[in-house]
Amino acid sequence: MSAVNGERVPTVFEARVYEALRRIPRGQVTTYGRLAAALGCGSARAVGQALRRNPFAPEVPCHRVVGSDGRVGGYFGEVAGARVTEKMERLESEGIRLAGGRLAEDQPIWEFHED
DNA sequence: GCCCTACATCAAC
DNA sequence: GTTGATGTAGGGC
């Protein structure tokens, strides 16, 4: 009996997104574009899709992903709201400085180019 | 500086 | 085919 629960198994693509996310140390943040590039795709949208569906939340630190221009973006499907507010507070809690709802300019972006 | 529009690009529904 | 937690480029105020 294959019970058809409302759940769905994460795809390989999503798994790669979460895996890359987990290797981000505390106090570091990355962008959708960088993540997408690290995964081999040039579309940040695909990454956003995976994070939005984030079946491993909050195990996966999806709050460490921000826009390339420093925008916090969204959180759990909310582009703006209490979710995003918590996301920003969480970032500050990790030592990340924010400026006007955006990432501080002096905040380094985690690069998956490290070896 | 801020806001909007348009297109690109990939995955999931 | 449409949408989506984006990105880049261009235009207007």
Side-chain angles (χ1 to χ4, degrees):
Chain A
M1 23 170 351
S2 17
V4 188
N5 41 14
E7 308 248 321
R8 53 173 274 289
V9 287
T11 64
V12 183
F13 183 79
E14 292 178 287
R16 292 177 72 163
V17 178
Y18 310 136
E19 187 175 17
L21 224 56
R22 289 185 67 175
R23 51 186 289 179
I24 301 178
R26 177 173 169 272
Q28 290 293 307
V29 288
T30 193
T31 68
Y32 295 96
R34 290 224 182 240
L35 219 109
L39 295 175
C41 349
S43 50
R45 266 194 163 158
V47 180
Q49 267 281 36
L51 295 181
R52 175 179 179 266
R53 302 212 44 85
N54 195 354
F56 289 101
E59 189 181 318
V60 176
C62 41
H63 63 268
R64 289 190 187 144
V65 188
V66 298
S68 64
D69 52 345
R71 284 188 189 176
V72 183
Y75 205 41
F76 281 92
E78 294 288 310
V79 194
R83 311 286 197 191
V84 184
T85 307
E86 283 186 37
K87 179 177 182 178
M88 292 192 268
E89 290 185 45
R90 204 174 183 92
L91 291 171
E92 292 186 281
S93 188
E94 300 204 345
I96 299 169
R97 303 271 262 186
L98 298 176
R102 299 168 73 105
L103 203 67
E105 297 180 34
D106 66 302
Q107 274 301 323
I109 304 298
W110 178 256
E111 297 181 73
F112 296 93
H113 191 280
E114 307 292 293
D115 59 340

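So you know, we letter chains A, B, ... as the sequences are listed, proteins then strands, and number each from 1.
Contact check of residues 76-84 of chain A against DNA chain C (heavy atom, cut-off under 4.0 Å) returns A:Phe76, A:Gly77, A:Val79.
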Just by protein heavy atoms under 4.0 Å, how would nucleotides 6-11 of chain B read 5' to 3' in B, S and -?
-> --BBBB
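Closest non-hydrogen pair, A:Thr30 versus A:Phe112, comes out as OG1-CE1, 3.4 Å. Taking all atoms of both residues into account, the shortest heavy-atom contact from A:Tyr75 to A:Val84 is CB-N, 4.1 Å. For A:Tyr32 against A:Ala44, the heavy-atom pair with the smallest separation is CB-CB, 3.5 Å. In terms of heavy atoms, A:Ser43 sits closest to A:Ala36 at O-CB, 3.3 Å.
In terms of phosphate contacts, A:Arg53 brings a side-chain nitrogen or oxygen within less than 4.0 Å of OP1 or OP2 of B:dC13. Phosphate contact (OP1/OP2 of C:dG7, side-chain N/O of A:Ser68, threshold under 4.0 Å): present.
Donor-acceptor pairing under 3.5 Å, judged by distance alone, is absent between the side chain of A:Tyr75 and the base of C:dA5.
Look at CG on A:Leu103: it is 12 Å from P on C:dG7, rounded to the nearest Å. Here C:dT6 presents its P atom at 17 Å from CZ of A:Arg34, a figure rounded to the nearest Å. The separation between A:Arg71 atom CZ and C:dG4 atom P is 17 Å, rounded to whole Å. The OH atom of A:Tyr32 sits 17 Å away from the C1' atom of C:dT8 (whole-angstrom rounding).
Within 4.0 Å (heavy atoms only), A:Gly73 reaches no atom of the nucleic acid at all.
Across all strands shown, C:dG1 forms a Watson-Crick or G-U wobble pair with B:dC13, both key distances being under 3.5 Å.
The number of heavy atoms from other shown groups lying within 6.0 Å of CD (A:Glu105) does not exceed 12. Summarising the local packing, CZ of A:Arg102 is surrounded by more than 12 heavy atoms from other residues, nucleotides or ligands at distances under 6.0 Å. Other residues, nucleotides and ligands contribute only 12 or fewer heavy atoms inside 6.0 Å of the CD atom of A:Glu19.
A continuous path of hydrophobic side-chain contacts links A:Val60 to A:Trp110 [ILVMFWY only; heavy atoms under 4.5 Å].
Listed for the A:Glu14 side chain is a donor-acceptor partner under 3.5 Å among the backbone atoms of A:Thr11.
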